Amino acid sequence: MPEASRWHQGGTSKPKLHYRKEVEIRTTLQELLLYFIFLINLCILTFGMVNPHMYYLNKVMSSLFLDTSVSGDERTNFKSIRSTTDFWKYMEGPFLEGLYWDSWYTNQKLYNLKNSSRIYYENIILGVPRVRQLKVRNNTCKVYSSFQSLITECYDKYTAENEDLSDFGLQSNTEWTYSTSNTSSPWHWGFVGVYRNGGFIFTLSKSKSETKNKFIDLRLNSWITRGTRVIFIDFSLYNANVNLFCIIRLVAEFPATGGILTSWQFYSVKLLRYVSYYDYFIASCEVTFCIFLVVFTTQEIKKIKEFKSAYLKSIWNWLELLLLVLCFTAVSFNIYCNIQLFLLLGQLLENTEKYSDFYFLAYWHVYYNNIIAVTIFFAWIKIFKFISFNKTMSQLSSTLSRCIKDIVGFAIMFFIIFFAYAQLGFLVFGSQVDDFSTFQNSIFTQFRIVLGDFNFAGIQQANWILGPIYFITFIFFVFFVLLNMFLAIINDTYSEVKADYSIGRRPDFELGNMIKKGCFNALEKLKLKKAQKDEDVNIKSSGELAEEARRQGFDENEIQRAEKMKKWKERLEKKYYSTEIEDDYQPVTQQEFQELFLYAVELEKELHYISLKLNRVMRK
């Protein structure tokens, strides 16, 4: 057998390569369909956890406890508290009225008050509300020597080291004595400090009159002192109509500068997961999710064993690992929350005369929801892995991947200027403008300025010289120069990608072609679309092409050479490049190999000739 035949017989035939490629495409298509099923299951699972009533329950409770004003003083509500006097007015007024709903509007008793109050007659209070205070010791800050004769007391900001643990006041009840924490709730992160559990604690009564007398007694005996740094008001509700818990925390911080800063947290969560038939359907989706998780984990382990260190070179493999980590974290959180709920729910509801600390359960349940939200975000991002079947999406991914280096270089320059302006704004306006009160606020304020949301009057009022200069130069350099440079980088790269695609330098869209082919075959079988002919009737004859070439100025030698190459190419393609898979593949003979070699030589000559013509055009 000739050497060329033996060489070709030892390689891989084109039909076999085509078959392998088709198998790979089918495998990718199956993987895409499987992932879509997983994504649909994950969407059902996540949306099943969210109830539209959560928003309305939060809105109703926030309106009741935050926006209701003191009787006779429409300007004083929880949001507007600025002094200790305002705080006690709120506690003895709107808070007390909102907490106790004694009777129907016809003064009819609807339930036994010994059980618990029902806010808006629908939301039962679990246990009793709790009020907790944290203080700092006197002389926790250092006074300058010149003022020591004028200032004998000094209370620093709250820290765990500065906290006052000593009893004070009447020292008769728990509100006057320090109590350590017996719960595992996380510390609270406020505006001016991070506050730990424990403190000077008292619980409210189920009687409205007793609670009001309690507030009056605490006010008259100065329960709030100069050392007070924060007061927490905690209580929990349950609405059986929508099967939702609402955990409420109202916070009043007393900073070392004086005054009061108020904040709040309303967590509407579904702690009792499996009650209705729809809940059990969601449970089946959770089981399906775990099955998918096991399957995907097995696939990734096989890939790691097969590719080893090369596995980490693909960005999509990193995304796969991130998704698996998030999924396992979400499953772990779900199991932990359900176990804690099973262990604590009975204990919390056992004694209705004590405070029921549902804040711990709500806190971790909210974190579980956040992890699920991040998981489904990256799950949707993974769809871009399969965009090779779409030309437009492929252009987008090619543009981003090609200009990433330019964007990184531009980002370095952008953030140098951006952070320089942020520091300038913080130092110049930080003491007078809320948007620049901290360095972090300055950064986010500048992003808002870029989007058109700014307070120029406040900046100008803070510094009438540097304010306008800062604003005008920031808008000019960042908005008009840098952002347009960024758009120019994207636009130029996209133009290059489109040019490459137009001349044929683009990835093959085999998966998309297979999907289109399958759709066309299905339509043809359903007799909804006529079968297309294999040959295009609009193909011009060789004589017409030659005549058109003469009109364009080509000489006869070039036309004859082109016709010869075209015939040679068609004959070779018909003989060797057939896409049909044959059972018995025949190797090429020595004569056929010589013909192929001569054809390659002619192609090389034509390419050299084209290169010379292009060089002449470029020189002109």
Side-chain angles (χ1 to χ4, degrees), residues 61 64-74 76-78 80-105 107-121 123-135 164 166-179 198-237 248-252 254 260 262 264 351-357:
M61 292 302 151
L64 177 63
F65 290 103
L66 301 180
D67 300 328
T68 305
S69 301
V70 176
S71 179
D73 187 1
E74 297 298 329
T76 303
N77 53 28
F78 185 79
S80 63
I81 291 175
R82 293 296 178 265
S83 65
T84 306
T85 303
D86 293 341
F87 179 81
W88 285 120
K89 284 182 180 180
Y90 170 78
M91 294 295 286
E92 297 173 19
F95 178 72
L96 204 63
E97 296 296 331
L99 206 59
Y100 296 95
W101 294 67
D102 296 336
S103 60
W104 191 245
Y105 64 91
N107 294 325
Q108 177 187 359
K109 300 293 183 181
L110 296 180
Y111 49 83
N112 185 8
L113 291 178
K114 293 292 184 182
N115 183 7
S116 187
S117 175
R118 287 175 170 82
I119 299 177
Y120 284 117
Y121 312 108
N123 306 281
I124 185 172
I125 297 180
L126 303 176
V128 292
R130 182 189 69 178
V131 182
R132 179 168 64 95
Q133 175 187 184
L134 293 176
K135 302 172 56 181
D164 188 2
S166 59
D167 301 341
F168 74 106
L170 302 180
Q171 300 184 7
S172 56
N173 296 317
T174 57
E175 59 266 27
W176 305 102
T177 58
Y178 187 85
S179 302
F200 301 90
I201 302 171
F202 70 93
T203 56
L204 306 185
S205 171
K206 292 193 175 183
S207 171
K208 181 179 180 180
S209 58
E210 291 181 7
T211 301
K212 187 170 185 178
N213 292 333
K214 186 76 170 179
F215 287 155
I216 294 174
D217 181 65
L218 293 174
R219 174 169 55 84
L220 294 177
N221 290 283
S222 300
W223 186 67
I224 299 177
T225 67
R226 286 186 59 193
T228 300
R229 285 296 171 260
V230 66
I231 295 177
F232 297 97
I233 306 169
D234 296 295
F235 56 99
S236 303
L237 312 172
I248 300 174
R249 168 169 285 185
L250 306 178
V251 184
F254 296 73
I260 299 178
T262 56
W264 49 87
N351 190 344
T352 59
E353 299 294 332
K354 292 183 178 180
Y355 167 69
S356 300
D357 189 7

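Keep in mind that what you see is a predicted model, and the values were worked out from it rather than measured.
Remark: Arg249 qualifies as a cation-pi partner of Phe232 under the 6.0 Å distance and 45° angle criteria applied to the six-membered ring.
With rounding to the nearest 0.5 angstrom, the CD1 atom of Ile201 is 11.0 Å from the CD atom of Gln133. Remark: Asn77 CG to Tyr90 OH distance equals 8.5 Å, nearest 0.5 Å. To the nearest 0.5 Å, the span separating OG1 on Thr211 from CG on Leu96 amounts to 6.0 Å. Distance check, rounded to the nearest 0.5 Å: CG of Asp167 to CH2 of Trp176 gives 11.5 Å. With rounding to the nearest 0.5 Å, the separation of CG in Asp234 from CD1 in Ile248 is 10.0 Å. In this structure, Glu97 CD and Leu99 CG are separated by 10.5 Å, a value rounded to the nearest 0.5 Å.
The shortest distance between side-chain heavy atoms of Lys354 and Thr203 does not fall below 4.5 Å. Counting heavy atoms from C-beta on, the side chains of Thr262 and Val251 never come closer than 4.5 Å. With contacts defined as side-chain heavy-atom distances shorter than 4.5 Å, the pair Asn123/Met61 qualifies. Inter-residue side-chain proximity for Leu204 and Pro129 is flagged as met; some heavy-atom pair is nearer than 4.5 Å. Taking the side chain as every heavy atom from C-beta outward, Leu237 and Ile124 never approach each other to under 4.5 Å.
When only modelled atom types and interatomic distance are considered, Ser166 and Tyr178 share no side-chain donor-acceptor pair under 3.5 Å. Side-chain contact check for Asn221 and Asp217: at least one donor-acceptor pair (N or O, by modelled atom type) lies under 3.5 Å. For the 3.5 Å distance criterion, the side chains of Ser207 and Ser205 fail to qualify, holding no donor opposite an acceptor.
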Query raised in the report: Can Phe168 and Phe200 be said to form a ring-ring contact (aromatic ring centres under 6.0 Å, His included), step by step?
Result: CA-CA 10 Å; Phe168 74 106; Phe200 301 90; 5.1 Å; yes
Query raised in the report: Passes side-chain contact (heavy atoms from CB on, under 4.5 Å), Ile231 versus Val131? Steps please.
Result: CA-CA 7 Å; Ile231 295 177; Val131 182; 3.8 Å; yes
Requested in this report: Please assess Trp88 against Arg219 for the test side-chain contact (heavy atoms from CB on, under 4.5 Å), listing each intermediate value before the final yes or no.
Outcome: CA-CA 7 Å; Trp88 285 120; Arg219 174 169 55 84; 3.6 Å; yes
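Remark: Phe87 engages no residue in a ring-ring contact (aromatic ring centres under 6.0 Å, His included) (not counting sequence neighbours). With sequence neighbours left out, Asp86 forms a salt bridge (Lys or Arg N to Asp or Glu O under 4.0 Å) with no residue at all.
Taking the six-membered ring wherever Trp is involved, the centroid distance between the rings of Phe65 and Phe78 does not fall below 6.0 Å.
Across all their heavy atoms, Lys206 and Tyr100 have their closest contact at O-CE2, 3.5 Å. Considering all non-hydrogen atoms of both residues, Ser356 and Ser236 come closest at O-OG, 3.7 Å. Considering every non-hydrogen atom in both Asn173 and Lys214, the closest pair reads ND2-NZ, 4.1 Å. Heavy-atom minimum distance, Trp223 versus Glu175: NE1-O, 2.7 Å.
Annotation: Lys212, atom NZ; neighbour count of heavy atoms from other residues, nucleotides and ligands within 6.0 Å does not exceed 12.
The aromatic rings of Phe202 and Phe215 sit perpendicular to each other, their planes meeting at more than 60°, with 30° as the lower class boundary.
Judged by distance alone, the side chain of Thr228 and the main-chain N or O of Ile224 form no donor-acceptor pair under 3.5 Å.
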